[in-house]
Every structure is written in C-alpha cells, then in structure tokens.
Participant: 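Quick one: this structure, given as structure tokens, is what I'll be asking you about.
Not measured: the values here are computed from a predicted model. Proteins come first, then strands; the chains are lettered A, B, ... in the order of their sequence lines, and each starts at number 1.
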2 protein chains.
Amino acid sequence: MFDQMRRKDRAISLEEIKEILFCGEYGILSTMGEDGWPYGVPVNFAYDGENVYFHSTCAMSHRNANIAYLSRVCFTVVGDTQLLPEKFSTKYESAMVFGEAAVVEDFAEKKAILEMLVEKYAPDFCESGAAYIVKACGQTEIYKITPEKITGKARRK
Amino acid sequence: MFDQMRRKDRAISLEEIKEILFCGEYGILSTMGEDGWPYGVPVNFAYDGENVYFHSTCAMSHRNANIAYLSRVCFTVVGDTQLLPEKFSTKYESAMVFGEAAVVEDFAEKKAILEMLVEKYAPDFCESGAAYIVKACGQTEIYKITPEKITGKARRK
C-alpha cells in the first residue's frame, strides 16, 4: 500500500520517530476533501506511544467534514530544523503517521485523552485544567488516529 | 468550491498571509495519492508574492507521483507559535495555499526560480550558488503552485 522510502540513509529508527511525536508542539493533519482538494491544517496533539490524539471544538470544521468523507489521514510532525546554506540544504527531522482517524466516543477514554492534552500543553494548570476537562468533555470532539504506518526521516549533517 | 472560514475573527489580511509565505522556512505540501492516502511532506520553498515554488531532486518521489495523480495540492506554512497554557490554547499564525502544482519546463523560468531559492536559503553563497544552479538546472525538477485560493488565520492573544 505504501511506497518504500526512497533515501534509506535518511530513515530513522522507531525510537527516534516516537521522540519527534512525543516532543512536537503541533503537527499538520493532511486530509482529503469531498471537493477534490487535499487540506493540511496545523493541530495541537498528544501521543501516547501508540496513537495520535487531537481535539476539535467545532463539529462543523472543514477537517472534520474531510475525515467524515475519508477517514484515512496523514499526520506530519517536523522536529528541529537548521539551514545548511553552504550545502544548499537543511538539517531536519520529521515523522509521518498514516492512519484512520475516528471520533472517540467512550467518555472515560475521552477524559483520559483530554488529561493527556492538558498535561502536555498546560502542565502548570492542573486545577483549572480539571475544570476545563469537565467542561470540554461535553463540548469537544476527540479524534484518535490509529496508525497503519509510521515513518520518519532526518538529515542531521 | 472552498468552505468559508468558520472563525471570522481569526482571519488575517492578504498582506499578513503574504508575510507568512515570504518568511516561512518550510511548508507542508499536502497531496493525495492514487493509493487512497493523503500525504503531507515538509518542503523548502520560495514565494514571489504570487506563486509558490519548490524543487525536487528525484522524479520518483512519492510527492511527485501524487502530483501526477492529482495536481491539486494544499501548501501550509505555520509562522510563529507560542503556547498559552493558562488559556489551554496556542498563539499561532498560518497560511494555506490551494492550487494546481505543475512542473516548470521553461529553462529561463526554472533558472530564475532556482536563483530565488538560493537567495532565500543561502544568501551568502551566491558564487557557489551560481554553480549549484547550473548543475541543478539539469538534475532538478521545479514545481510551481499557482494559487486558486489563499487563506490565513491567526490567534494573537
């Protein structure tokens, strides 16, 4: 189903890929629209070593409509980058997760994922975070991307 | 064809969008594959105030195959971001270009685009850049994305 990576020397280990996914501040969610256009939107996310999670405060967003049309998505996280002007190139590291995106319906799972998101993005606001989670649990949709394939590549020198 | 932006208060002006496109170090190119999977890959690029350009040193890459399958692409550039933990949110600014991607065949145009890329990424290496361009002109494919729609959004406080 998926092409093999062309430059084997740029491939990185699963541990390195996971590190990028754990540390990334945001990722780009690439989806396909019923209108015939791809759509790449930056989203905050959490990663638990297995799946990718993100939340959505509006059921009517374009990305949600796209996922309803085609649940297959690509989630791309870029780690550190540094220009190498003398080589006309760039140091970079990036990870890609290909998987099916689905709404998390189970309340307990949803709450656990919101806690993960608060812990990642607002670790110093646990108390107000708890109140936020209670409120958000009713108003927020949580999506889970279950990976079918994970790849990563880097140029480090 | 395209949805209207949901949060009007997050929309930014065309000048602000252009600034993000001029300054962005890389963008994510979202394409659709014949295999039924979206694909979002980071690429270096240049923007001349009208079109987006990027180069490819391998005609066999997955992104090139995807563009050959469906030339409609989405190109996403994220500008400055800053976590707002106390608001469980993030300051950000981003631009999206939706357009048709096509290989630039004209030699003079191709050379001018390579010069633009060298000027952006290696402004202090003009001399070796000129040699690089001569070499690259034969080996490199240049893609142009002609925008059909450009959008941008930001949260700044």
Participant: Do A/V52 and A/M116 belong to the same hydrophobic cluster, where Ile, Leu, Val, Met, Phe, Trp and Tyr are linked whenever their side-chain heavy atoms lie under 4.5 Å apart, directly or via other members?
Facilitator: yes
Participant: Rounded to the nearest 0.5 Å, how far apart are CZ of B/R72 and CG of A/D35?
Facilitator: 7.5 Å
Participant: If you count heavy-atom pairs under 4.5 Å with chain B, which of A/S128, A/C74, A/A122 comes out on top?
Facilitator: A/C74
Participant: If hydrophobic clusters are built by linking Ile, Leu, Val, Met, Phe, Trp and Tyr wherever their side-chain heavy atoms come under 4.5 Å apart, do B/M32 and B/F98 end up in the same one?
Facilitator: no
Participant: Between A/V118 and chain B, which part of the residue has a heavy atom less than 4.5 Å away: side chain, backbone, both or neither?
Facilitator: side chain
Participant: Picking from B/P123, B/G36, B/S94, which has the most non-hydrogen pairs under 4.5 angstrom with chain A?
Facilitator: B/G36
Participant: Does B/I150 share a hydrophobic cluster with B/F22, counting links as ILVMFWY side-chain heavy atoms below 4.5 Å and allowing steps through other members?
Facilitator: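 Same cluster.
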Participant: At a heavy-atom distance under 4.5 Å, which candidate from A/N44, A/L29, A/V73 has the highest pair count against chain B?
Facilitator: A/V73
Participant: Could you state the interatomic distance from OH (B/Y26) to OG1 (A/T90), rounded to the nearest 0.5 Å?
Facilitator: 10.5 Å
Participant: Shorter than 4.5 Å, heavy atoms on both sides: which option in B/T31, B/L84, B/D124 has the most such pairs with chain A?
Facilitator: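 Among the listed options, the one with the most contacts to chain A is B/T31.
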Participant: For the atom pair OH (B/Y39) and OG1 (A/T76), what is the distance rounded to the nearest 0.5 Å?
Facilitator: 8.5 Å
Participant: Roughly how far, to the nearest 0.5 Å, is the NE2 atom of A/H62 from the OG1 atom of B/T151?
Facilitator: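 It comes to 9.5 Å.
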Participant: How far apart are the C-alpha atoms of A/V41 and B/M96, what are their side-chain angles, what is the distance that settles it, and do they pass the side chain to side chain contact (heavy atoms under 4.5 Å, CB included) test?
Facilitator: CA-CA 8 Å; A/V41 67; B/M96 279 186 208; 3.7 Å; yes
Participant: In Å and rounded to the nearest 0.5 Å, what is the CH2 to CD distance from A/W37 to B/E148?
Facilitator: 4.0 Å
Participant: Check whether B/L70 gets within reach of chain A through its side chain, its backbone, both or neither, counting any heavy atom under 4.5 Å.
Facilitator: side chain
Participant: Tell me whether the count of non-hydrogen atoms from other residues, nucleotides or ligands lying under 6.0 Å of CD in A/E119 goes above 12.
Facilitator: no
Participant: Might you confirm whether atom CD of B/E34 has over 12 heavy atoms from other residues, nucleotides or ligands at distances under 6.0 Å?
Facilitator: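 Result for CD/B/E34: open.
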Participant: Side chain, backbone, both or neither: which part of A/L117 has an atom under 4.5 Å from a heavy atom of chain B?
Facilitator: neither
Participant: Quick check on the hydrophobic clustering: are A/I28 and A/I67 connected, directly or via other members, by side-chain heavy-atom contacts under 4.5 Å?
Facilitator: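 A/I28 does not cluster with A/I67.
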Participant: Please give me the minimum heavy-atom distance between B/G40 and A/S30, naming the atom from each residue.
Facilitator: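 Shortest heavy-atom contact: CA-OG, 3.4 Å.
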Participant: Test of understanding: clusters of I, L, V, M, F, W, Y form through side-chain heavy atoms closer than 4.5 Å, transitively. Do B/V78 and A/L83 belong to the same one?
Facilitator: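 The answer is no; the residues belong to distinct hydrophobic clusters.
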